[in-house]
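Please read the structure below before turning to the comments.
Only a predicted model underlies this, so the values are computations on that prediction, with no experimental measurement involved. Hydrogens, waters and symmetry mates are skipped; everything else that's a heavy atom, side chains included, is used.
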Amino acid sequence: MKIIMFGAGASARMLYEKVAQKGEIVAFADNDEKKWGTSLFGVPVCAPQKCLIDMQYDEVIISAFCGLEDIRRQCLELGVPPQKIITSYFAASKESRIMFVKNLSALLNEYEQEADV
């Protein structure tokens, strides 16, 4: 299985070993121009347009925690079929963090603590 990981930052570094067990990582797509032409774990980092249009792949795994939905939308706009876009590595983690912040907000309100959440 050929995989493109979308995101070449800290989250991608955390996920790399787990994803590499699933298949061959052929590229990292990233929106940061400064990363284009570099490599991560010996795998090239390129512009999303180049990776997602010019390369052969079976899955695009979103490996960026921030902007998950924006990146998913970008993949769709670049012609990636929805069934090839994998968000599951961070989707559950994101939802649990949102729930934590909501619960924290309610708790702070309950104790009448002034805080910004």
Side-chain angles (χ1 to χ4, degrees):
M1 173 176 296
K2 293 186 180 212
I3 300 167
I4 294 177
M5 291 180 69
F6 198 124
S11 298
R13 287 180 178 87
M14 288 179 359
L15 277 182
Y16 179 79
E17 291 297 325
K18 187 172 190 172
V19 173
Q21 293 173 7
K22 185 176 183 179
E24 177 191 4
I25 301 168
V26 295
F28 286 93
D30 201 283
N31 286 318
D32 184 350
E33 294 178 30
K34 293 178 232 139
K35 294 179 183 175
W36 299 349
T38 65
S39 65
L40 183 61
F41 301 107
V43 177
V45 180
C46 56
Q49 296 81 353
K50 181 173 176 28
C51 293
L52 301 177
I53 294 172
D54 295 346
M55 299 182 84
Q56 296 291 321
Y57 57 87
D58 300 301
E59 289 184 349
V60 175
I61 294 177
I62 300 180
S63 54
F65 184 78
C66 297
L68 189 71
E69 284 306 314
D70 291 334
I71 293 171
R72 185 179 186 293
R73 239 183 326 275
Q74 183 180 3
C75 288
L76 292 169
E77 289 169 3
L78 289 170
V80 179
Q83 67 274 15
K84 288 190 175 189
I85 303 170
I86 310 300
T87 61
S88 58
Y89 288 91
F90 287 119
S93 178
K94 179 181 174 184
E95 290 305 314
S96 67
R97 290 179 186 199
I98 290 169
M99 186 57 66
F100 170 79
V101 171
K102 286 181 180 179
N103 289 337
L104 178 61
S105 296
L107 185 64
L108 290 172
N109 283 336
E110 188 177 307
Y111 288 105
E112 297 179 4
Q113 295 294 314
E114 187 171 323
D116 291 326
V117 176

- [ ] With rounding to the nearest 0.5 Å, note down the distance linking CG in Leu68 to CD1 in Ile62.
- [x] 5.0 Å

Open item on the list: If the condition is side chain to side chain contact (heavy atoms under 4.5 Å, CB included), which residues does Leu76 pass it with, not counting sequence neighbours?
Closed with: Arg72, Pro82, Ile85

- [ ] Return the set of residues passing disulfide bond (SG atoms under 2.5 Å apart) with Cys75 (not counting sequence neighbours), or none when no residue passes.
- [x] none

Task: Heavy-atom pair of closest approach, residues Ala12 and Gly7 - done: CB-O, 3.1 Å

Scan the side chains in residues 15-27 for donor-acceptor partners under 3.5 Å anywhere in the protein, sequence neighbours excluded, and list what turns up.
residue : atom : partner : partner atom : Å
Lys22   : NZ   : Glu59   : OE1          : 2.8
Lys22   : NZ   : Glu59   : OE2          : 3.3

TODO: Under the salt bridge (charged side-chain N to carboxylate O under 4.0 Å, His left out) rule, collect the residues that match up with Arg73, sequence neighbours excluded.
DONE: Asp70

Task: Atom of Arg13, atom of Ala8 and distance for their closest heavy-atom approach - done: NH1-O, 3.8 Å

Open item on the list: Under the rule for side chain to side chain contact (heavy atoms under 4.5 Å, CB included), what residues qualify as partners of Asp58, not counting sequence neighbours?
Closed with: Met1, Lys2

Task: Between CD1 on residue Ile61 and CZ on residue Phe6, distance to nearest 0.5 Å - done: 13.5 Å

Task: Within 6.0 Å of CD in Gln56, more than 12 heavy atoms from elsewhere - done: no

For residues 37-54, tabulate all N or O donor-acceptor pairs below 3.5 Å that involve a side-chain atom, not counting sequence neighbours.
residue : atom : partner : partner atom : Å
Thr38   : OG1  : Lys35   : O            : 2.5

- [ ] Find the distance between CZ (Phe28) and CD1 (Ile3) and round it off to the nearest 0.5 Å.
- [x] 10.0 Å

Open item on the list: Looking at every non-hydrogen atom in both residues, tell me the closest pair between Tyr57 and Ile4 and how far apart they are.
Closed with: CD2-CD1, 3.5 Å

- [ ] For Ala64 and Ile71, work out which heavy atoms get closest and say how close.
- [x] CB-CD1, 3.6 Å

